[in-house]
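Heads up, the thing below is written out as structure tokens.
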Amino acid sequence: MKHIILIMSLICAVTLNGFAQQAPPDSQKYNFTVADCINYAYEHQHDVKNANLDVESAGYHVKEIIGQGYPQINGSAAFQDYLKSPEVLFPDFISAPIYQILNSQNVKNSATNQVIPGEPPYTPSSQKVSLYQKYNSNVGLNFTQIIFDPSYLVGLQGRKTYKQLYERSYTRTKIEASVNVTKAYYQVLVSVEQLKLLEANINELKQQLDETSARNKQGFVEKIDVDRLTVQYNSLITTRENTVRLLALNYELLKFQMGMPIEKQLTLKDKLEDVHIDASVAEAVSDTTVYRDRIEYGLLETQNKLQQYDLKLKKGQFLPKLTANGTFSATYQNNSFGDLYSPNYPLSYIGLSLSMPIFTGWQHLNQYKQSRVNLIKSQNDMYDMKNTINLQVSMARTSFINGLQSLNDQKKNMALAEEVLRVAKIKYEQGVGSSIEVTQAETDVQQADNSYIQGLYDALVSKVDLDKAYGRIK
């Protein structure tokens, strides 16, 4: 029992110690401008980080291509213990010539005192002979060096273009992240502005509801007037609660676009009044060469250059390849393992190897034609991208101008709706207007506010799309 209590005490102590050593929760608060959010996304956003890693990997691949032109040196070592040595059958080609020579010289057999016959008195048989020692070993070095290889030369020419492809892809990913973060940032600002308008409307309607309820108790207004205002008030409260939840969701969306954990605390430093959406109107002029500023067109240009190098590579398949090679090795053989490495039999040579394609079943020719077709397709993609970008610029410019005009109209409508509501209240208080006019005016104010919020967001988003279309986002 004492042992059980002791073990439980140790477990509790270790557990409490583990909780005590846990890192404190991250309570850091971030107060970011839109530029801060974009810079944060450049360092933490998933796609941007992977695109940056692709650039790093492309650099290593370029070094790999360069390394193919260096001498390639390899070492080798081997050991064999022949449990059963291979044997070769050798025929008896010595006995017959010896008997012939002895017979021609009249040499007599000492036992019989007769001349040895010209042929052996027995049938010669083959002998088993092993050419291998029991223990064998060898060590060596061999090298190869490219002297002329068209594919290697093309690889050297295209290495910078290859890395440029990933660098531009990285830039495109950063631009997409910047656009998404900016739109999400503006969405939060618009939601905050919407919440402010709702709070102002709720406070104003609450005051009016209190006054109407008091007048109803005094018998000056009917209860239906109070009920109408109560319905509107409850509707605004519900709308505010929904907007608060949507605001929290918009914050999480912004943090997601930034690559920030959604449990982190983030506040926005910029305000809507800090965003100048009028400044771009004068710059939104027609420009038929704007496609050169777009990263998408730059990517296609790089791909087109790589396709040209691929065409050179296919041409190079018709040319010969010349390499130098050499080997330096030592061989060891012995029937005694202890004396295996005593004698050695060295071997060394250097040489040249020339490879020349003569007939490959027209494979190289067809590969060259395929590459030429792909180059034409790449040029067609560039032409299509130029037209696509010009169309995107025209659409973005039109959407921006329309959105800006709509926003200005909505601002005027808000002011008019507020003025109508003010007049309707005065008329109602003086007894020359009805509560229905006031209720309708309140509804018009809410609709004008909602239209303004939507117009504001559309204008901000169209500004971002316009900057992207003109290639201003780098």
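The structure displayed is predicted, hence computed values, not measured ones.
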**Request:** Please name all residues satisfying salt bridge (Lys or Arg N to Asp or Glu O under 4.0 Å) with E56, sequence neighbours left out, ordered by chain then number.
**Result:**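 Checked E56 against salt bridge (Lys or Arg N to Asp or Glu O under 4.0 Å); zero matches.
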Minimum heavy-atom separation for [X] and [Y], please, with both atom names.
{"X": "T323", "Y": "I146", "result": "CG2-CA, 4.2 Å"}
{"X": "S336", "Y": "Y135", "result": "C-CD1, 3.8 Å"}
{"X": "K474", "Y": "Y42", "result": "O-OH, 3.8 Å"}
{"X": "Y309", "Y": "V154", "result": "O-CG1, 3.3 Å"}
{"X": "S178", "Y": "I38", "result": "OG-CD1, 3.4 Å"}
{"X": "K183", "Y": "Y457", "result": "O-CE1, 4.2 Å"}

Okay, side chain of [X], backbone of [Y]: is any donor-acceptor separation there less than 3.5 Å?
{"X": "S399", "Y": "M395", "result": "yes"}
{"X": "N390", "Y": "K386", "result": "yes"}
{"X": "E241", "Y": "T238", "result": "no"}
{"X": "N39", "Y": "A35", "result": "yes"}
{"X": "S462", "Y": "A459", "result": "yes"}
{"X": "S394", "Y": "L391", "result": "no"}

Would you give me the side-chain donor-acceptor pairs under 3.5 Å for residues 445-454, sequence neighbours excluded?
| from | atom 1 | to | atom 2 | distance (Å) |
| --- | --- | --- | --- | --- |
| D449 | OD2 | N201 | ND2 | 2.6 |
| N450 | ND2 | Q446 | O | 3.3 |
| S451 | OG | Q447 | O | 2.9 |
| Q454 | NE2 | D458 | OD1 | 3.0 |
| Q454 | NE2 | D458 | OD2 | 3.4 |

For [X] and [Y], which I'm curious about, is there any donor-acceptor pair between the side chains at under 3.5 Å?
{"X": "Y341", "Y": "S137", "value": "yes"}
{"X": "E64", "Y": "H61", "value": "yes"}
{"X": "N304", "Y": "Q308", "value": "yes"}
{"X": "N242", "Y": "T239", "value": "no"}
{"X": "T173", "Y": "D47", "value": "no"}
{"X": "N142", "Y": "T327", "value": "no"}
{"X": "S353", "Y": "N325", "value": "yes"}
{"X": "Q28", "Y": "Y30", "value": "yes"}

Rounded distance (nearest 0.5 Å) linking atom [atom1] of [X] with atom [atom2] of [Y]:
{"X": "L460", "Y": "L272", "atom1": "CG", "atom2": "CG", "value": "6.5 Å"}
{"X": "T388", "Y": "Y291", "atom1": "OG1", "atom2": "OH", "value": "13.0 Å"}
{"X": "Q307", "Y": "D381", "atom1": "CD", "atom2": "CG", "value": "10.0 Å"}
{"X": "D384", "Y": "Y297", "atom1": "CG", "atom2": "OH", "value": "11.5 Å"}
{"X": "K463", "Y": "L404", "atom1": "NZ", "atom2": "CG", "value": "11.0 Å"}

**Prompt:** Do R472 and D293 meet the salt-bridge criterion of a basic N to acidic O distance under 4.0 Å?
**Reply:**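 No salt bridge links D293 with R472.
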Using distance only, find each side-chain donor-acceptor pair of residues 248-257 under 3.5 Å and give its atom names and separation, not counting sequence neighbours.
| from | atom 1 | to | atom 2 | distance (Å) |
| --- | --- | --- | --- | --- |
| N250 | ND2 | S191 | OG | 2.8 |
| N250 | ND2 | L246 | O | 3.2 |
| K255 | NZ | I262 | O | 2.7 |
| K255 | NZ | K264 | O | 2.7 |

**Message:** Could you walk me through whether L236 and L198 satisfy the side chain to side chain contact (heavy atoms under 4.5 Å, CB included) test, starting with their C-alpha distance in whole Å, then the side-chain angles of each, then the deciding distance to 0.1 Å, before giving a yes or no?
**Reply:** CA-CA 7 Å; L236 282 179; L198 284 172; 4.0 Å; yes
Do [X] and [Y] come close enough that some side-chain heavy atom pair is under 4.5 Å?
{"X": "D339", "Y": "S342", "answer": "yes"}
{"X": "D465", "Y": "F400", "answer": "no"}
{"X": "L300", "Y": "Q303", "answer": "yes"}
{"X": "K29", "Y": "T267", "answer": "no"}
{"X": "D54", "Y": "Y170", "answer": "no"}

**Asked** salt bridge (Lys or Arg N to Asp or Glu O under 4.0 Å): which pairs involve residues 306-327, sequence neighbours left out?
**Response**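 Salt bridge (Lys or Arg N to Asp or Glu O under 4.0 Å) check on residues 306-327 returns D310-K314.
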**Request:** Using the side chain to side chain contact (heavy atoms under 4.5 Å, CB included) rule, take V275 and Y186 through it: C-alpha gap first, then chi angles, then the decisive distance, then the call.
**Result:** CA-CA 9 Å; V275 183; Y186 288 163; 3.7 Å; yes
For residues 72-81, run the donor-acceptor check on the side chains, cut-off 3.5 Å, and write out each pair with its distance to 0.1 Å, sequence neighbours left out.
| from | atom 1 | to | atom 2 | distance (Å) |
| --- | --- | --- | --- | --- |
| Q72 | NE2 | G67 | O | 3.0 |
| Q72 | NE2 | Y70 | O | 2.7 |
| D81 | OD1 | K134 | NZ | 3.1 |

**Passing option when Q392 is tested against E296, K468, R294 for side-chain hydrogen bond (donor to acceptor under 3.5 Å, both in side chains)** =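 Single pass found, and it is R294.
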**Asked** Considering residues, nucleotides and ligands other than I350, do more than 12 of their heavy atoms fall under 6.0 Å from its CD1?
**Response**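 Not more than 12 within 6.0 Å, no.
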**Request:** Go through the steps to decide whether D36 and T33 satisfy the test side-chain hydrogen bond (donor to acceptor under 3.5 Å, both in side chains), and finish with yes or no.
**Result:** CA-CA 5 Å; D36 295 332; T33 63; 3.1 Å; yes
Considering only distance and modelled atom types, tabulate donor-acceptor pairs under 3.5 Å from the side chains of residues 160-167, sequence neighbours left out.
| from | atom 1 | to | atom 2 | distance (Å) |
| --- | --- | --- | --- | --- |
| Q164 | OE1 | T302 | OG1 | 3.4 |

**Parallel, tilted or perpendicular: rings of Y40 and H44 (30°, 60°)** =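 Parallel: the ring planes of H44 and Y40 meet at under 30°.
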